[in-house]
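Both ligands and their constituent atoms are indexed starting at 1 by order of listing. On a predicted model such as this, the values are computed, not experimentally measured, just so you know.
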Amino acid sequence: MNAVLKEPMDETLEAISNAPISLTANNITRHFPVGGGLLRGKLGAGKSVKAVDGVSFKIRRGETFSLVGESGCGKSTLARLVAGLDAPSSGNIAFADAGQREHRIQMIFQDPYASLNPRYRIGTAIAEPIRFQKLLPEAQVMPRVHELLRQVGLAAADAQKFPHEFSGGQRQRVSIARALAGNPSFLVCDEPTSALDVSVQAQILNLLRRLQEQLGLTCLFISHNLAVINYVSHDVGVMYLGRLAEVAPTRVLFEAPKHPYTQLLLAALPQLDTRGRDKSPITGEIPSPLAPPSGCTFHPRCPHANDRCKAEKPELQAQPDGSQVACHAVQERRIPVLFHTS
Ligand code: SF4
């Protein structure tokens, strides 16, 4: 991980979280049945959309694993499955200490305003998980709320304010304080900075990284912005139409991308602005998940596709530099592959 940029903040963070945990996601699928009406007529009864289609990955304790991909690739569905907000159709997600899962995973969303009740003072909102889980005696709840506010760069007096009195970046700080209030070991961050102004994004990313390192949190981070992914991640999974195209340590992925989709995403990186507007040069539309292409689902957009690609779905295969790639051309050495050497 890169060095954390310094922010002016005097507070010394104490280790408030539980011991860090690791995660293993094993062949996860999440299929949504297709509804009635036109779609049913077009696709036939009993069809389903494979939002997540056989995904496996591991996150080591205290590290950040990021999922990147265009909208509709399944990364947010996967985030909800890991956070326990939805259940997989098949496969399993195992935590090192699954027994306390409900109390140990917290999620930070893209829109902090939507996750805060506008009628509650934010002190009440931050106190809610502490009271709900009975983590502290009542007399210690508000002191803890004040401590959390200071940890995220706000003032204890801000506990009296309502959400509309804060800027977007401050509201995201409140959301982070609220997530930490539940003493999590595992954070799921779903596009936590993409709704924020460019100038505020770096502050929030720095805050998340600092908290993650100091509290030893394990994180699943979701973004479509490769610059953000590069900054926060230990490992990265590139998703395309519900499947992982490539998984690699961050430096390996950015210095030696192997899957044609990863290569095209990275080719667009200098053109990506920090608001994450996708100016990808990848040709063609993302195919509809309702009717995904046969074989490798990237084949209609891939410059290296051949007949095997149209017929046979590639599986992730381990590479000598620690990455895993799902691509026939990489396996067959039909395209030049750069291996990362440290
Ligand atoms: Fe392209 Fe074929 Fe590799 Fe898919 S399997 S990414 S179509 S070369």
Mark yes when over 12 heavy atoms from residues, nucleotides or ligands other than Phe32 sit less than 6.0 Å from its CZ; otherwise mark no. yes

What protein heavy atom lies closest to atom 1 (Fe) of ligand 1? Include the residue and the distance to one decimal. Cys302 SG, 2.3 Å

Would you tell me whether Thr24 and Asn26 have side-chain atoms, one donor and one acceptor, within less than 3.5 Å of each other? no

May I ask you to decide if the ring planes of Phe298 and His259 are parallel, tilted or perpendicular, using 30° and 60° as cut-offs? tilted

Identify the closest protein heavy atom to atom 6 (S) of ligand 1: which residue and atom is it, and at what distance? His259 CE1, 3.5 Å

Could you tell me, atom by atom, which parts of ligand 1 come under 4.0 Å of a heavy atom of Ala305? 7 (S)

Enumerate the atoms of ligand 1 whose separation from the nearest heavy atom of Pro260 is less than 4.0 angstrom. 6 (S)

Verify, without hydrogens or angle tests, whether Arg30 (side chain) and Ala87 (backbone) share a donor-acceptor contact under 3.5 angstrom. yes

Who's the nearest protein heavy-atom neighbour of atom 4 (Fe) of ligand 1, and how far? Cys296 SG, 2.3 Å

What's the shortest distance from atom 3 (Fe) of ligand 1 to any protein heavy atom, and which residue and atom give it? Cys327 SG, 2.3 Å

Do any N or O atoms from the side chain of Ser233 and from the backbone of Ile229 form a donor-acceptor pair under 3.5 angstrom? yes

Which of the numbered atoms in ligand 1 are under 4.0 angstrom from any heavy atom belonging to His304? 8 (S)

Do you see an N/O/S atom of Cys309, backbone or side chain, under 2.8 Å from atom 2 (Fe) of ligand 1? yes

Give a yes or no on whether the backbone of Thr64 and the side-chain of His234 come within a donor-acceptor separation of less than 3.5 Å. yes

May I ask you to check if Arg301 and Tyr261 form a cation-pi contact, with NZ or CZ under 6.0 angstrom from the six-membered ring centre and within 45° of the axis? no

shortest atom 8 (S) of ligand 1-to-protein heavy-atom contact is with Ala329 CB, 3.5 Å

Which residue holds the protein heavy atom closest to atom 5 (S) of ligand 1, what is that atom called, and what is the gap in Å? His328 N, 3.3 Å

